[in-house]
Trainee: 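Dropping a structure here in structure tokens format, bear with me for questions.
Remember, predicted model here, so these are calculated numbers, not experimental data. Heavy-atom basis, side chains included; hydrogens, waters and symmetry copies ignored. In each ligand, atom 1 is the first atom listed, and ligand 1 is the first ligand listed.
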Amino acid sequence: MQQLIRGRVLDFHADPALTEDNHRHIEDGAILIEDGRIVAVDDYARLARPDLTVIDHRPHLILPGFIDPHIHFPQVQVIASWGAQLLDWLNTYTFPEEARFADPDHATRMAGLFLDQLTAHGTTTAVAFCSVHANSVEALFAAAEARSMAVVAGKVLMDRNAIPEVQDTAQQGYDDSKRLIDAWHGRGRQRYAITPRFAITSTPEQMRATGQLAREHPDCHIQTHLSENLAEIEFTLSLYPGARDYLDVYETYGLLSERLLLGHCIHLRDREIARMAETGSRAVFCPTSNLFLGSGLFDEAGLRAAGVTSGIATDVGGGSSYSMLQTLNEGYKILQLRGQKLHPLTAFHWATRGNAVVLGMADRIGTLAPGSDADLVVLDMRATPAMALRAERAETLAEELFILQIMGDDRAIAQTYVAGRPMKAPL
Ligand code: GUN
Ligand code: ZN
């Protein structure tokens with residue numbers, strides 16, 4: 001059955017930071033969908049037919065759903081934990097909480113609630129770290145499959161420097177990952193990410209096994225963390241004394257490629273930046289987390305100039321909001337402190353097509369192109385009285401988007417569609 005979704009349609013075909021011709025905005029537009037896919041996008045008048053069901057979202061904006069390329073599923077009850085920076089925060093709050101995911105019932109309950117939070121905030125695809133327990137990945141993929149939602153996820157590999165409840169071994173981590181890849185990678189919309197948590201929590205033996213997984217499954221993503229915090233870097237270099245720098249640990253075990261997603265990338269040396277650019281490894285900026293954990297200020301312009309492609313993500317629960325709008329808000333402020341500017345068109349491109357490009361998935365998500373998946377977010381720029389008051393004086397699309405970027409949160413999400421299905425009760 002075909003459906004027509006009507007509203008102000010906006011999508012991007014290029015990065016506004018690079019190209020003048022970068023977006024399409026249709027004032028009275030419509031998206032024709034069938035079987036979870038986009039069939040056509042055009043003026044409403046050109047697509048309207050008497051036999052079609054029309055869902056009218058005017059005057060709201062309809063964009064491709066937000067993509068969150070770095071988030072921790074077992075941290076839904078870690079978010080907003082007080083007073084620590086990275087390593088203390090992991091030991092005090094995070095590892096004990098992740099230990100609870102050994103219980104399949106807990107993991108299943110949290111998986112549903114986690115995906116509900118994502119869609120309530122307009123996010124239609126996430127790249128998620130699960131806990132060390134294989135059943136946490138099973139629970140997340142099963143919940144995502146039930147919603148026809150595209151999720152990229154993996155069990156964290158961690159065999160040292162954590163409480164025993166959240167440790168595996170090099171062999172068990174390899175075996176579990178392999179089994180999960182066989183069961184879930186490419187099943188429906190699910191994709192597997194090989195997930196060494198970070199160098200501190202993996203022995204060289206586990207890093208070797210991770211490199212083997214990467215070689216055996218070159219179409220899987222790999223996700224980890226890099227240079228988030230100064231104490232983290234110092235500890236890493238003490239654990240890997242032969243490494244030239246932090247990135248060299250991952251490089252030594254063959255992990256660098258366009259499939260590698262490196263969370264944070266704040267305190268990088270020139271060699272690391274050059275190698276990331278040469279290998280196409282991605283940086284992922286996590287602004288609310290970097291402020292919350294006091295980690296540092298991401299250098300977007302510096303990485304861009306060096307040829308590194310960056311995504312932008314929430315990093316819940318180090319991150320303090322599920323909202324990609326709030327993520328763009330805090331990202332704007334971090335870049336202000338760096339003397340850099342995040343234009344609203346660049347910001348909304350980043351959270352949609354930009355992140356899809358980072359994942360190598362721009363043919364299916366982050367776009368409204370015919371044949372792509374009907375994952376959509378509907379944005380209400382007058383969601384609160386303060387936003388409505390400000391919107392009275394907005395004259396351009398960029399001004400309107402900037403209101404959403406700075407003042408928006410889940411209240412501004414009028415609807416979220418996953419594979420053509422509305423995820424919020426209609427108002
Ligand atoms: N580095 C290793 N694990 C984590 C994590 O869970 N959150 C963040 N922000 N950094 C990490
Ligand atoms: Zn993280």
Trainee: Among all protein heavy atoms, pick the one closest to atom 3 (N) of ligand 1 and tell me residue, atom and distance.
Mentor: Arg197 NE, 2.8 Å
Trainee: Which bit of Leu90 is near ligand 1, meaning a heavy atom under 4.0 Å away: side chain, backbone, both or neither?
Mentor: side chain
Trainee: With nothing but distance in play, are any N or O atoms of Thr94 less than 3.5 Å from an N or O of ligand 1?
Mentor: no
Trainee: One residue to check: Leu86. Relative to ligand 1, which of side chain, backbone, both or neither has a non-hydrogen atom less than 4.0 Å away?
Mentor: side chain
Trainee: Hey, is the Zn ion (ligand 2) within less than 2.8 Å of some N/O/S atom on His70?
Mentor: yes
Trainee: If we ignore hydrogens and angles and just use 3.5 Å, is the side chain of Tyr93 paired with the main-chain N or O of Trp82 as donor and acceptor?
Mentor: yes
Trainee: Can a side-chain donor-acceptor contact be found between His13 and Asp21 if the only test is distance below 3.5 angstrom?
Mentor: yes
Trainee: Let me confirm one number: the CD-CG distance from Glu232 to Leu90, rounded to the nearest 0.5 Å.
Mentor: 8.5 Å
Trainee: Once rounded to the nearest 0.5 Å, what's the spacing between atom CG of Asp68 and atom CD1 of Ile312?
Mentor: 10.0 Å
Trainee: Checking a contact table here: which protein heavy atom is nearest atom 7 (N) of ligand 1, and how many Å away?
Mentor: Trp89 CZ3, 3.4 Å
Trainee: Check each of Glu232, His70, His225 against atom 4 (C) of ligand 1 and report the one with the nearest heavy atom.
Mentor: His225
Trainee: Are any of the heavy atoms in Phe129 under 4.0 Å away from ligand 1?
Mentor: no
Trainee: Which residue holds the protein heavy atom closest to atom 10 (N) of ligand 1, what is that atom called, and what is the gap in Å?
Mentor: Glu228 OE1, 2.7 Å
Trainee: Could you grab the distance from atom CD of Glu278 to atom CZ of Arg271, nearest 0.5 Å is fine?
Mentor: 9.0 Å
Trainee: Kindly say whether Ala162 contributes a backbone atom to a donor-acceptor pair with the side chain of Gln167 at under 3.5 angstrom?
Mentor: yes
Trainee: I'd like to know if Asp373 and Arg37 make a salt bridge, using a cut-off of under 4.0 Å between side-chain N and carboxylate O.
Mentor: yes
Trainee: Which ligand 1 atoms does Asp315 reach within 4.0 Å, using its non-hydrogen atoms?
Mentor: 8 (C), 9 (N)
Trainee: At the Zn ion (ligand 2), what angle lies between atom NE2 of His72 and atom OD1 of Asp315, rounded to 10 degrees?
Mentor: 90°
Trainee: Check the surroundings of atom CD in Glu234: do more than 12 heavy atoms from other residues, nucleotides or ligands lie under 6.0 Å from it?
Mentor: no
